[in-house]
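Below is one structure, written out as structure tokens; comments come after it.
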Amino acid sequence: MSKLKNTNMRNVYLSCFVILISIAGIIHTYIGGGWSASSGEAAKMYPRAVYAILILVSLFILVTELTGKVAFEPPAITDVRWWQVPLILVTTIAFFEFVLYIGLGVGLLLFLFGMIWLFDEDPIKHWKMNLLVAVIASVVLWAVFHYVLPIITRSQFLI
């Protein structure tokens, strides 16, 4: 029988906060507009989809935390070391810069590989699997944001 964890109240509070912010964001798309200068309904569907996904994920986290039926998380997920915080910030800024100036495909690949590398307990040992996961996830996300929910950047190069 697997050991069950205690409720992590930080996850409960975070889930509730994200749900509230997402609901406010959805309301904003109906009252104040979307993320785009376009006044059409299509421009508002993208932020609504993002907010809906955030609500679903937060609800899942909230339910699993409150029921207590999830196994203990591995230490790599729960223990963030002090030096990882600035690296996360730099990687996130680099992601937005790559997406803005080079393209979504390259930005996603570098961001995902960087984050996987940063949080892997033994990145040298698992680099092939990390790269494979980053490539597959980047291709799927690129297809979604290129064909289903298209985004436009300053440069369409490598998108």
Given the rule that I, L, V, M, F, W and Y join up when any side-chain heavy atoms are under 4.5 Å apart, are I124 and L131 in one cluster? yes
Please collect all side-chain hydrogen bond (donor to acceptor under 3.5 Å, both in side chains) contacts where either partner lies in residues 124-133, sequence neighbours excluded, each pair once. D120-H126, D120-N130
Honestly curious: do Y13 and L66 fall in one hydrophobic cluster under the side-chain, below-4.5 Å linking rule? yes
Contacts table for residues 86-98: side-chain donor-acceptor under 3.5 angstrom, sequence neighbours left out:
| unit_1 | atom_1 | unit_2 | atom_2 | d |
| --- | --- | --- | --- | --- |
| T91 | OG1 | L87 | O | 2.7 |
| T92 | OG1 | I88 | O | 2.8 |

Are V133 and I136 connected, step by step, through hydrophobic side chains (Ile, Leu, Val, Met, Phe, Trp, Tyr) whose heavy atoms are closer than 4.5 Å? yes
To the nearest 0.5 Å, tell me how far L62 CG sits from N11 CG. 9.5 Å
Please write out which residues are connected to I21 in a hydrophobic cluster, directly or through intermediates, given that two of Ile, Leu, Val, Met, Phe, Trp, Tyr count as joined at side-chain heavy-atom separations below 4.5 angstrom. F17
Partners passing side chain to side chain contact (heavy atoms under 4.5 Å, CB included) against I23 (at least two apart in sequence or in another chain): I19, I27, I55
Calculate, to the nearest 0.5 Å, the distance between atoms CZ and NE2 belonging to R48 and H28 respectively. 11.0 Å
Using 0.5 Å steps for rounding, measure from the CD1 atom of I26 to the CD1 atom of I31. 12.0 Å
Taking the side chain as every heavy atom from C-beta outward, state whether S15 and L59 have any atom pair closer than 4.5 Å. no
Would you list the atom pairs, donor with acceptor, under 3.5 Å between side chains in residues 103-118 and any protein atom, with sequence neighbours excluded?
none

For V63, the side chain to side chain contact (heavy atoms under 4.5 Å, CB included) test, sequence neighbours excluded, returns T67
Tell me whether I61 shares a hydrophobic cluster with I53, the cluster being built from Ile, Leu, Val, Met, Phe, Trp, Tyr side chains joined at under 4.5 Å. yes
